Number of protein chains: 2
Amino acid sequence: MKDKVSTAVIQRLPRYYRYLSDLLEENVERISSSDLAARMHVTASQIRQDLNTFGGFGQQGYGYHVPHLHAEIGKLLGIDQQKYLIIIGAGNLGQALANYQNFTKRGFQVKALFDIDPEVIGRTIQGAQVFPLEYLEAYLEKNAIDIATLTLPRDRAIEVAKRLCRCGIKAIWNFAHTDLQVDEDVLVENVHLSESLMQLSYRMIAARRKQKKTEETGDTGTGERSD
Amino acid sequence: MKDKVSTAVIQRLPRYYRYLSDLLEENVERISSSDLAARMHVTASQIRQDLNTFGGFGQQGYGYHVPHLHAEIGKLLGIDQQKYLIIIGAGNLGQALANYQNFTKRGFQVKALFDIDPEVIGRTIQGAQVFPLEYLEAYLEKNAIDIATLTLPRDRAIEVAKRLCRCGIKAIWNFAHTDLQVDEDVLVENVHLSESLMQLSYRMIAARRKQKKTEETGDTGTGERSD
DNA sequence: TAGATTGTTAATCGATTAACAATC
DNA sequence: TAGATTGTTAATCGATTAACAATC
């Protein structure tokens with residue numbers, strides 16, 4: 001296995017895992033890089049390069065054994081290990097994540113939520129209780145937590161991130177609209193929903209602008225030939 | 001403005017916008033690429049290259065006028081235009097998105113939700129009503145909608161995406177765990193939450209593996225010199 | 001004018017794709 | 001063995017960084 005795996009490859013791993021899960025479900029036993037490439041709309045070369053970052057999972061003349069490759073990528077992603085989460089911010093999004101069924105089958109388990117709103121404190125969501133935010137440190141001392149999810153307003157998120165670092169949390173899943181400043185050994189994975197939506201908005205508006213321009217230049221864009 | 005803007009640049013635009021919004025709030029009138037670079041932890045060169053993809057927003061010897069640059073990037077992202085959304089799938093996540101306050105101030109407005117569950121049909125979330133999914137086509141005929149959000153199980157999402165394309169929807173914000181197969185003029189922006197979490201899980205496990213390895217080789221990692 | 005800082009070209013770096021020898 | 005297909009090296013492509021002339 002390579003020592004330094006590029007972000008591009010890591011980002012593609014879950015997608016490989018998803019396609020392999022599908023193949024497994026379809027009872028496909030073996031697949032070649034070119035067949036998988038056709039399904040995934042990528043190049044076979046990229047697939048072989050990506051997989052060889054981690055080891056020789058295939059076999060010349062045969063291809064890849066689906067159950068084996070699926071298991072190996074699963075291991076890389078830590079699917080086979082139990083990972084304990086807490087969610088800080090039990091608003092709509094935090095509660096939605098706590099209710100999310102898909103995490104469970106990939107080894108993620110939400111153990112507790114935290115909030116400052118007396119309205120939600122004490123509630124139980126999928127077996128996970130909502131605690132007052134002030135109990136955070138005490139809770140983390142008694143419970144082994146791998147990942148802390150931040151679903152709070154940005155100012156509070158920055159402050160809570162600091163507290164989490166002090167408690168020794170090494171992985172933060174951040175939904176707050178801000179970049180967190182943490183120690184270099186703390187991993188942060190950002191999900192900026194409004195920024196994702198803004199990217200879509202950009203592309204939509206760019207496409208409209210382009211269309212308008214071609215209309216103005218007389219090209220109807222209907223594919224009609226003028227010759 | 002360049003004709004073909006790379007994905008890398010588009011992905012960075014909302015972050016620039018966020019930092020410029022902060023500067024605006026701090027009443028900073030002008031900023032140089034190197035000062036902004038220091039704040040954002042990127043290179044000044046990248047900032048200048050990125051911005052020049054769209055035009056010369058700066059001025060030699062002066063830098064960038066914050067309110068102007070903020071407005072220009074806002075225009076690129078379509079912040080100044082009203083964009084109408086629907087959400088298909090009024091489960092926890094769909095409802096959380098409908099409740100999201102941050103969208104409004106960026107010009108996004110949720111007009112309606114759709115579901116098959118009689119339990120949620122008829123409810124109103126932030127002024128948007130939940131309709132039966134079967135009304136989708138009739139609704140889209142009467143209402144101008146820019147973006148359709150998919151927060152449903154994957155099989156249903158694939159089917160609904162087809163229906164949306166037939167209705168002429170040109171932008172889909174997809175939260176379902178699947179790649180949607182749509183016409184080439186339909187834009188899809190994916191948010192795969194569990195894949196984001198799996199990337200974090202990968203990095204966490206890779207870091208632990210690495211740490212374990214250095215421990216085994218006798219390197220305590222405390223920075224102690226052995227010489 | 002002199003200093004600052006952009007816009008832009010050139011150099012570097014990294015990621016993707018192509019090619020093919022190794023091998024099942 | 002012959003055919004298929006990987007693992008891997010080499011070539012290409014694109015994105016990032018550096019450098020500097022243009023100019024405010």
Side-chain angles (χ1 to χ4, degrees), chain A residues 1-16 19-20 23 28-73 76 199 202-203 206, chain B residues 1-16 19-20 23 28-73 76 199 202-203 206:
Chain A
M1 179 148 109
K2 270 195 195 171
D3 209 54
K4 179 73 184 143
V5 181
S6 80
T7 324
V9 175
I10 297 172
Q11 281 177 344
R12 285 194 289 267
L13 273 186
R15 188 157 180 264
Y16 286 128
Y19 275 85
L20 286 162
L23 286 165
V28 177
E29 199 173 317
R30 48 170 283 218
I31 194 153
S32 68
S33 58
S34 60
D35 283 357
L36 184 57
R39 275 191 181 233
M40 295 182 69
H41 301 285
V42 297
T43 63
S45 212
Q46 180 167 77
I47 291 179
R48 292 205 298 277
Q49 284 279 22
D50 282 359
L51 296 181
N52 270 82
T53 312
F54 304 104
F57 296 140
Q59 199 165 77
Q60 281 99 331
Y62 174 87
Y64 298 88
H65 184 64
V66 174
H68 176 242
L69 186 57
H70 180 263
E72 287 296 328
I73 295 182
L76 286 169
Q199 281 171 47
Y202 171 88
R203 293 196 280 144
Chain B
M1 179 149 108
K2 268 196 194 171
D3 210 55
K4 178 74 182 140
V5 180
S6 79
T7 325
V9 176
I10 297 171
Q11 283 178 344
R12 285 193 289 266
L13 273 186
R15 188 155 180 265
Y16 286 129
Y19 275 85
L20 287 162
L23 287 165
V28 177
E29 199 173 319
R30 49 169 284 218
I31 193 154
S32 68
S33 57
S34 60
D35 283 357
L36 185 56
R39 275 192 180 233
M40 295 182 69
H41 301 284
V42 297
T43 63
S45 212
Q46 180 168 77
I47 291 180
R48 294 205 298 276
Q49 283 280 23
D50 282 358
L51 297 181
N52 270 81
T53 312
F54 305 103
F57 297 139
Q59 200 165 77
Q60 282 98 332
Y62 174 86
Y64 298 89
H65 184 65
V66 174
H68 176 241
L69 186 57
H70 180 263
E72 288 296 328
I73 295 182
L76 286 169
Q199 280 171 48
Y202 170 88
R203 292 196 281 144

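These numbers were taken from a predicted model, which means no experiment stands behind them. Within every chain, numbering begins at 1; the chains are lettered A, B, ... in the order of the sequence lines, protein sequences first and strands thereafter.
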Open item on the list: Nearest 0.5 Å, please: how far is NE2 in B/H65 from CG in B/L69?
Closed with: 10.0 Å
Open item on the list: For the residue pair A/S34 / A/S32, report whether a side-chain donor-acceptor contact shorter than 3.5 Å exists.
Closed with: yes
TODO: Under the side-chain contact (heavy atoms from CB on, under 4.5 Å) rule, what do A/V5 and A/L13 come out as? Steps first, then yes or no, please.
DONE: CA-CA 11 Å; A/V5 181; A/L13 273 186; over 6 Å; no
Open item on the list: On DNA chain D, does the nearest nucleotide to B/R48 precede the nearest nucleotide to B/T7 from the 5' side, or the other way round? Give the residue.
Closed with: B/T7
Task: Backbone N/O of B/I47 and side chain of B/R12: donor-acceptor pair under 3.5 Å - done: no
Task: Pair partner, C/dG7 [Watson-Crick or wobble, under 3.5 Å] - done: D/dC20
Task: chain A footprint on DNA chain C, 5' to 3' - any atom under 4.0 Å from a heavy atom - done: C/dA15 to C/dC24
Open item on the list: For A/V66, is there any backbone N or O sitting under 3.5 Å from a side-chain donor or acceptor partner on A/R30?
Closed with: no
Open item on the list: Mind checking if A/S45 touches a base, just sugar-phosphate, or nothing, with heavy atoms under 4.0 Å?
Closed with: base
Task: Nearest-0.5 Å distance, OG of residue B/S33 to CG of residue B/D50 - done: 11.5 Å
- [ ] Look at all strands and tell whether B/T43 reaches a base, only sugar-phosphate, or nothing, counting heavy atoms closer than 4.0 Å.
- [x] sugar-phosphate
Task: Result of checking A/V42, A/L23, A/V28 against A/L36 for side chain to side chain contact (heavy atoms under 4.5 Å, CB included) - done: A/L23
Open item on the list: Heavy atoms within less than 4.0 Å of DNA chain C: which residues of residues 51-62 of chain B have one? Give them sorted by number.
Closed with: B/N52, B/G56, B/F57, B/G58, B/Q59, B/Q60, B/G61, B/Y62
Open item on the list: Taking any heavy-atom pair under 4.0 Å as a contact, classify B/S34: base, sugar-phosphate, or nothing.
Closed with: nothing
TODO: If C/dG14 has a Watson-Crick or G-U wobble mate with both distances under 3.5 Å, name it; if not, just say none.
DONE: D/dC13
- [ ] Carefully, step by step, assess B/F57 and B/N52 under the rule side-chain contact (heavy atoms from CB on, under 4.5 Å).
- [x] CA-CA 7 Å; B/F57 297 139; B/N52 270 81; over 6 Å; no
